[in-house]
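Structure first, then comments.
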Amino acid sequence: MSRQRRESTTPAQGRRGSRGRPARSVSAGAGGARLPDLSVRIAGLRLSTPVLLASGVAGYGEEMGEVVDLNRVGAIVTKTLTPEERAGNPPPRLFETPAGLMNNIGLANVGLEGFLAEVLPQLKRHRTRIVVSVGGFSLRDYEKVLASVDAAGGAHAFEINVSCPNVRAGGIHFGCSASRAARVVRALRPLTALPLLVKLTPNVTDIGSVAAACVSEGADGLTVANTYTALAVDLRTRRPRLGGVTGGLSGPAVKPLSLAKVWEVTSRVKAPVIACGGISTAEDALEYIVVGATAVQVGTACFRSFKTPELIVNGIIAYMKENSLSSLQELRGTMTLAPAE
Amino acid sequence: MKPRKTAVPQTSARRRRRADAPSVVAGAPPVEAVAEVRRNTALSADAFLLDLMVDMPAALPGQFVMLGLPDGAAPLLRRPFSVMGHDPSRKSLEIHYSARGAGTRVLSELRPGHKLGLLGPLGRHFPQAAEVARRPADLEGGLAPLSVLVAGGRGTAPLIFFAERARRSVGGSSGPVLFLAGARTAAQLVLLDRIHATEVFVSTDDGSAGKKDTVIGLLKSLDGQPDFALGAAGRETRRRPGAVLYGCGPAGMLRELHSYAESRGLPCFVSLEARMACGLGVCQGCAVRLTGSRYALVCKEGPVFESCLVDWAQYEGA
Ligand SMILES: Cc1cc2nc3c(=O)[nH]c(=O)nc-3n(C[C@H](O)[C@H](O)[C@H](O)COP(=O)(O)OP(=O)(O)OC[C@H]3O[C@@H](n4cnc5c(N)ncnc54)[C@H](O)[C@@H]3O)c2cc1C
Ligand SMILES: Cc1cc2nc3c(=O)[nH]c(=O)nc-3n(C[C@H](O)[C@H](O)[C@H](O)COP(=O)(O)O)c2cc1C
Ligand code: FES
């Protein structure tokens, strides 16, 4: 249904875009009278820029202060938090593939107690928005983490991680079926008034139906997507490259895959989508927005440079000026399916 | 074959100039900066010396930097490299690397003027021997412990930095430094002329230079003349407060070094490797197993660890 809707309700597309007059590409130094409005709103969550730091690549923000201007990012999504502290999986935990990174961290995190006592007070001192990623191995786990963090105050939104491929139970188990994902959202929705995002796994046949189930239970938005289950083998030793055998693939290699997932989800639900997967340039981010995303998260590309999110923000501003866009709203979901003439 | 001994002369002029160098503040927070290649010199078929121009807070021996390739070039992730020399006033940073995989091969093709992304300085540095003296009573005579540096292959680089700093320490307060450098064959001993220590000893697996032995074999052969547990160096007869061992090199070598330190009751610090992504302690990717089934992050809690903390049965290097 919404594929249709999108095609017929794309005013920006009619004015510019692929029909006849291609949008100018991103470059720095574009002139423009008005400063484009970069802010986006996801339910009650107002972000000053549409570029967020993805869960797991920024820790809890504290080590980042020296190298990232946290005020240039819309929000930090914290490392997924579980009730108990977790040491993580046996090394090696990382393996690089062409244009990609496989990780098998195993949700190593400080645990709820440590988070409330040590991390949250520090996080509250940042001006940037804090999205707390909630994880667990049972419904009880998710409830406990979310309710405790909500009660402590300081978070601006929650992202429910039902999509971690690197733990045996829980995590992805909940994200792999629409009904289980719905159960998680149903349990958590009453526990907080803050915006509730659900981070989906791409390792499913029909991500659209999982998204729809979450939204119908009251999720305010969806993060699309987590990593892709992947395996690498050392031919010399005939052992897996990662200590935990399989890992989650991220980085530029997954961008076309996640772009398709975002398309599936934005075609299916109206709730805002935060795109995540292989974003390392402003072009990447803008492509996701054209496909319907409201905001984007940057993960692996931070490891190449922690300035990446800032450069993406600059690139988006330049693109908006060059194309006389006053807000990203004008660009969102403007991909046209009509062939260029 | 007798170990080759090279007492490196330390000219007083050079010493004086070095002593004026600003004192180094420990643990300066890292920066992300652009590093420009000044020189990228091949020392052998696969060993290179990279001289970078970069504005970075002072690094300490044992610390490392993450180097990223120019925009768009593969591989994706930055790679960790130990600092071999750093002079913040000249913005000069030296890295020694061996071309072994995709990333280091691309590095080896860089020419002067090329730019790299850099994050650093990172990680924990090697403590000075005087800071780890186990028997403070022995320090009464004002004598600093002996530092015994054991380097295997490209592990030489951070220890060169350590020896250099010890030499420049105020009034030689660091005590004598013995430098043991091991390699498979003479052609791989590419940094010998850069080692400045009280005494330098060499071993090669094939005997083409120095003692025909592993560097651990070399270490064992040297202990007793003087006794490392007593810690006098060279012709010294006075007792020092023992020796402190420092190691950097392949996993197997470090494991043996640790066993030896245990058997002799000597404190020992080693620099470990793990594959890294962030370098900052945020991604949890570079974990190594410590004793007591605990993990530590090499980039943040290391790369320098006291060897007795490491679960050596689990450590395989990067
Ligand atoms: C703290 C630290 C200091 C180091 N200092 C030096 C140094 O001074 N000189 C030097 O030559 N090398 C050093 N290394 C090792 C160096 O980082 C690797 O050789 C380099 O990353 C290999 O990259 P590559 O793309 O050429 O190889 P790849 O093709 O990626 O792999 C070749 C080999 O390098 C290992 N490796 C790959 N990526 C990493 C990584 N991110 N971290 C560690 N090992 C990796 C792989 O396991 C493999 O065995 C250091 C490593 C660490 C952790
Ligand atoms: C090292 C590492 C750790 C991660 N940890 C988490 C995590 O704790 N929770 C989570 O929801 N996603 C985690 N992710 C997934 C990222 O948030 C992101 O969804 C994924 O990497 C795809 O985006 P990218 O291609 O920009 O990296 C992790 C990714 C990496 C590389
Ligand atoms: S490399 Fe990321 S935590 Fe060490």
Side-chain angles (χ1 to χ4, degrees), chain A residues 53-54 56-69 76 78-80 86-110 166 237 241-243 247 250-253 278 280-281 299-308 310-311, chain B residues 27-34 56-57 66-80 101-103 115-122 272-290 292-300 311 314-318:
Chain A
L53 288 172
V57 303
Y60 305 107
E62 77 276 32
E63 287 92 351
M64 315 281 294
E66 307 287 346
V67 290
V68 187
D69 184 354
I76 303 176
T78 56
K79 176 76 193 169
T80 296
R86 285 178 56 82
N89 286 343
R93 293 178 176 180
L94 301 169
F95 184 72
E96 189 170 337
T97 60
L101 169 64
M102 282 169 56
N103 88 80
N104 186 305
I105 307 294
L107 292 185
N109 79 92
V110 293
N166 296 328
T237 60
R241 294 279 193 177
L242 294 176
S250 63
S280 42
T281 64
T300 305
C302 288
F303 299 147
R304 183 122 174 174
S305 166
F306 286 104
K307 296 202 172 69
T308 304
E310 215 176 315
L311 296 177
Chain B
V31 295
E32 209 167 51
V34 174
M56 176 181 93
M66 299 285 288
L67 290 182
L69 294 171
D71 267 352
L76 182 68
L77 298 177
R78 295 191 272 216
R79 299 286 193 252
K115 301 216 162 71
L116 293 170
L118 175 142
L119 177 68
L122 300 165
L272 300 186
E273 290 191 4
R275 283 189 221 142
M276 294 183 179
C278 72
L280 277 181
V282 294
C283 78
Q284 306 280 327
C286 61
V288 286
R289 197 68 173 252
L290 298 190
S293 302
R294 202 174 77 75
Y295 288 118
L297 300 177
V298 171
C299 71
K300 199 171 180 206
D311 182 346
Q314 303 285 326
Y315 181 68
E316 292 178 24

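Chain A is the first sequence line, chain B the second, and so forth, proteins listed ahead of strands; every chain is numbered from 1.
Contact of B:Q314 with chain A is not made at all, since no heavy-atom distance falls under 4.5 Å. Of the atoms belonging to A:A58, it is backbone heavy atoms, and not side-chain ones, that fall under 4.5 Å from chain B. In this structure, chain B has heavy atoms under 4.5 Å from both the backbone and the side chain of A:A87. Residue contact with chain A, scored on non-hydrogen atoms closer than 4.5 Å, is absent for B:M66. With a 4.5 angstrom heavy-atom cutoff, A:Y60 does not touch chain B via any of its atoms. Looking at B:A274, there are no atoms closer than 4.5 Å to chain A (heavy atoms on both sides), in backbone or side chain. Of the two parts of A:P98, neither the backbone nor the side chain holds a non-hydrogen atom closer than 4.5 Å to a non-hydrogen atom of chain B. Looking at B:L119, the atoms closer than 4.5 Å to chain A (heavy atoms on both sides) all sit in the side chain, from C-beta outward.
With respect to chain A, the highest number of heavy-atom pairs below 4.5 Å among B:P75, B:G117, B:G281, B:P30 belongs to B:P75. Ranked by heavy-atom pairs under 4.5 Å with chain B, the first of A:S305, A:G88, A:P92, A:G243 is A:S305. Between chain A and the options B:L77, B:V31, B:V288, B:L118, the largest number of non-hydrogen pairs under 4.5 Å is found for B:L77.
One finds the OH atom of B:Y295 at 6.0 Å from the CZ atom of A:R93 (value rounded to the nearest 0.5 Å). Interatomic distance, B:Q284 CD to A:N89 CG, rounded to the nearest 0.5 Å: 11.5 Å.
Partners of A:R241 by salt bridge (Lys or Arg N to Asp or Glu O under 4.0 Å), not counting sequence neighbours, listed by chain and number: A:D234.
A:E96 places a side-chain heavy atom less than 4.5 Å from the side chain of B:L76. The shortest distance between side-chain heavy atoms of A:N103 and B:C283 does not fall below 4.5 Å. Counting heavy atoms from C-beta outward, A:V57 and B:V282 have side chains that stay 4.5 Å or more apart.
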Next item on the list: Test A:F303 against B:R78 for side chain to side chain contact (heavy atoms under 4.5 Å, CB included), laying out the working first.
Entry: CA-CA 7 Å; A:F303 299 147; B:R78 295 191 272 216; 5.9 Å; no
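Listed here is the closest heavy atom pair of A:F306 and B:E32: N-OE2, 2.6 Å.
Between the side chain of B:R289 and the backbone N or O of A:P91 there is no donor-acceptor pair closer than 3.5 Å.
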